[in-house]
There are 2 protein chains.
Amino acid sequence: MELSERKKKILKSVIDSYIRTGEPVGSKLLTGTSDLQVSSATIRNEMSELERMGYLEQPHASAGRVPTAEGYRTYVDGLMEQYLLSLEELKVLNEVFNYKVSEIERLMESASHAISEMTNYTSFSVIRPSGRNAKRFETLYIDEHSFLLIMICTDGSIRNRHVKVRMSVDPEMLKTVAEALNATMSGVCSEDVTLQSVLEFEERLGAHSGIAATVLRVIYDMLNSTNSEKVHIDGVTKLLSYPEFSDVEKAKDAIALFEDRRDFAQKIMSRSTDEKGLTVHFGEADLPDAGIVLQPIIINGKTVGAIGVMGPKRMDYKKVIASLQYFVDNVGKQFEGEDRNEQEHRKKP
Amino acid sequence: MELSERKKKILKSVIDSYIRTGEPVGSKLLTGTSDLQVSSATIRNEMSELERMGYLEQPHASAGRVPTAEGYRTYVDGLMEQYLLSLEELKVLNEVFNYKVSEIERLMESASHAISEMTNYTSFSVIRPSGRNAKRFETLYIDEHSFLLIMICTDGSIRNRHVKVRMSVDPEMLKTVAEALNATMSGVCSEDVTLQSVLEFEERLGAHSGIAATVLRVIYDMLNSTNSEKVHIDGVTKLLSYPEFSDVEKAKDAIALFEDRRDFAQKIMSRSTDEKGLTVHFGEADLPDAGIVLQPIIINGKTVGAIGVMGPKRMDYKKVIASLQYFVDNVGKQFEGEDRNEQEHRKKP
DNA sequence: TTTTAGCACTTGTTCTCTACGAGTGCTAAT
DNA sequence: ATTAGCACTCGTAGAGAACAAGTGCTAAAA
């Protein structure tokens, strides 16, 4: 069922006002505000219908109206006007890029910080672990009892561990280890390691097989451990400033969401992966009074992570959405661009 | 001024009771409890004196007594009995060690988690950044446009970066880079880099000097960036369960302490460095209702970090202290032991 | 048919007042 | 030195009144 033009105007005004003040909005308030040139009684009738249609609700009989989830949905889907980032805000956001951080992780962290400061809500970033398949191994002699074990993954990322051993090592032996690893373990992920490959690895080590167990344990650890999402969270306390969370129990529920970062990351990524654009979630995850805006970060077609904002359900969506979109657009430029460069280079030979 | 035996008993009983219930404790309550065989009137007199002496105070005229910071101090310094960790608790703590994590960082993280669960307070661990002096550099060829730059520090720690460049690189050239770095930059920390060493580095690169700027920038970044404390925090929401923090403003103050991790780490380390044992802090850092127990982690005479617990001022100190001490004792065994091994090995040649 | 003015009704908030309970300090007796 | 007794203080909980905000409905006006 379509909303009349006037209903849309009223719904928009109600939500705008509620977002600003946090107070239920009554019919009289709207006569003064908005460009509606009708009496409060008319507005009352319209609001009553909007309530029947599921866009508004009353906290109690004699209070004004408050938007429902459905109300917010239509608001962000079309009613709200676009927010133009101020010069000040653009400056803050651009600083994130000016610093020229090459790692996406730090870039998203500082963006998350900037956005939290700008919007005064909690902001977070999640980076999904990528390609856990080993492509190549290298070893590097450090001293008689330690060496660096380096794993180059299929996605180009690199992991390494400083391995300390009781026995003596020397560069020659380490070379053997690397060769044996490359011969038997390249291309594996942690589930792929078979008994056969382990045995072959030990065999290839020959006289140095004493070191096999240690090396295998480290590799197993490397394949698994870095395999976790990187989570950054900024401005948790900001949430506590909003009356929605002035009750400690609710505050607790909200903050608890960020407590177990692993779990949080999984929740976020499971919502981001199938989406290719920004999504808005109202009152989910046992947080009836919270809203979450989620922006997946996609580079070269792959969802590498997500950045988002959590605030009270009545948060300033247009500002939040504008900030997140500005960020993701520029990340796109920066990283897709870089990739094109790489491809150019690769064409040469 | 020394406290009489009876005053001590009373002070201890008051604090024990207050820690248990969180309610101000009155004279009548104590007659039933403790082994004091005196009337409430006598206790009243004693409590009145304890108040005059600064160990107790009254929230308001008709309420019971509550310990002052001074009261807590004498309590933890000698009045409280020792807490014996239950088998259950020992099991939880031991699991941390059984997992045989070699990195102190993860070890402290899981200990922090375990202790937070055990005590139901917030627990944190901080690891101080160590030795930022470069001892040796290595390079490792990855592909035509990228290589791994490895920095081995004087304290044995290792840092590395995956460097991507536009120009073509090859193993031979990388060897030159490593040699040039070792000749000019070994032993430096970020403040030590002089113009002279930079020029010499470029000179030694010879035909490959085009790569100098990139390499130098990466090294500068490595010297500085990893130079930050690693902070882990566990169980923040647990704080919110205590009436001390049921007011959102207070909760906010408490949680804000953990918000800026860098700042938090600095605060913690500055309190831990000069201490060689466990310290207890009452109501500091603008948190009048909080208490912090801090245990520096010292390995081979060096303070490498700290682990601690934050809870309401009336937290169960004996349990918290017992847990932290159990942990630090075992960390000592594990790591000092490992070090002895290393030294044995080194004696051989 | 749509809009509006008017009014009775509902409900939450704020304030005051009262009663109560917990705990103290003091006095006088033991 | 200890204790029983008692008057006093202060915070909390509850009841009731006054009030404000906002609604739905009715009937009149456009």
Side-chain angles (χ1 to χ4, degrees), chain A residues 3-11 13-18 20-68 71 243-244 246-247 289, chain B residues 3-11 13-18 20-68 71 243-244 246-247 289:
Chain A
L3 286 171
S4 73
E5 215 40 51
R6 192 168 68 185
K7 280 206 180 57
K8 281 187 190 170
K9 256 188 197 165
I10 290 178
L11 181 55
S13 295
V14 169
I15 300 185
D16 277 337
S17 165
Y18 185 64
R20 203 161 354 95
T21 67
E23 297 292 311
V25 1
S27 56
K28 206 166 282 177
L29 190 74
L30 289 196
T31 57
T33 326
S34 73
D35 45 354
L36 279 303
Q37 293 305 345
V38 287
S39 78
S40 70
T42 309
I43 296 187
R44 257 201 308 282
N45 289 332
E46 294 281 54
M47 283 168 88
S48 165
E49 268 196 86
L50 281 168
E51 176 164 10
R52 211 177 29 75
M53 297 162 78
Y55 296 100
L56 295 177
E57 65 188 341
Q58 281 182 293
H60 58 85
S62 77
R65 297 317 205 286
V66 157
T68 61
E244 279 79 350
S246 65
D247 176 22
D289 299 315
Chain B
L3 286 171
S4 74
E5 216 40 51
R6 192 168 69 185
K7 281 207 179 55
K8 283 186 189 170
K9 258 187 195 164
I10 291 178
L11 180 55
S13 294
V14 169
I15 300 185
D16 276 338
S17 165
Y18 186 64
R20 204 162 351 96
T21 67
E23 298 291 312
V25 2
S27 56
K28 207 166 281 178
L29 191 74
L30 288 195
T31 55
T33 326
S34 72
D35 45 354
L36 279 302
Q37 294 303 347
V38 286
S39 77
S40 70
T42 309
I43 296 187
R44 261 203 302 285
N45 289 331
E46 292 281 54
M47 283 167 88
S48 166
E49 267 197 86
L50 282 168
E51 175 164 11
R52 210 177 30 73
M53 296 161 78
Y55 295 100
L56 295 177
E57 65 188 341
Q58 281 181 293
H60 57 87
S62 77
R65 290 332 200 276
V66 155
T68 61
E244 279 81 349
S246 65
D247 177 22
D289 298 315

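All heavy atoms count here, side chains included; hydrogens, waters and symmetry mates do not. The sequence lines fix the lettering, A, B, ..., with proteins before strands; numbering per chain opens at 1.
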Query - Approximate separation, where rounding is to 0.5 Å, of B:Arg65 CZ and B:Leu11 CG - result: 12.0 Å
Report task. Could you check how far CD of B:Gln58 sits from C1' of C:dA22, rounded to whole Å? Result -> 12 Å
Report task. Starting at atom CD1 of A:Ile10, determine the distance to atom P of D:dT23, rounded to an integer number of angstrom. Result -> 12 Å
Query raised in the report: Atom CZ of B:Arg52 and atom P of C:dC26: how far apart are they, to the nearest Å?
Result: 12 Å
**Report entry** Those residues that, when tested against B:Ser40, pass side chain to side chain contact (heavy atoms under 4.5 Å, CB included) (two or more places apart)
**Finding:** B:Ser27, B:Thr31, B:Arg44
Query raised in the report: Quick one: does A:Val25's side chain get under 4.5 Å of A:Ile15's, heavy atoms only?
Result: no
Query - Separation of atom CG in B:Leu56 from atom C1' in C:dG25, rounded to whole Å - result: 16 Å
Requested in this report: Give the rounded distance in Å between these two atoms: CD of A:Glu49 and P of D:dC25.
Outcome: 12 Å
Query - Whole-Å distance separating the CE atom of B:Met47 from the P atom of C:dC26 - result: 15 Å
**Report entry** B/S/- contact track for nucleotides 3-17 of chain C, protein heavy atom under 4.0 Å
**Finding:** SBBB---BBS-----
Report summary line: When rounded to whole Å, the CG to C1' distance for the pair A:Leu30 and D:dG22 reads 12 Å
Query raised in the report: Can you tell if the side chain of B:Leu50 reaches within under 4.5 Å of the side chain of B:Ile10, non-hydrogen atoms only?
Result: yes
Query raised in the report: Quick one: B:Ile43 CD1 to D:dA4 P, roughly how many Å, whole number?
Result: 12 Å
**Report entry** salt bridge (Lys or Arg N to Asp or Glu O under 4.0 Å) involving B:Arg6 - partner list, sequence neighbours excluded
**Finding:** B:Glu46
Query raised in the report: C:dG25 phosphate, OP1 or OP2: any side-chain N/O from B:Arg65 under 4.0 angstrom?
Result: yes
Query raised in the report: Is there a side-chain contact between A:Pro67 and A:Tyr55 (heavy atoms, below 4.5 Å)?
Result: no
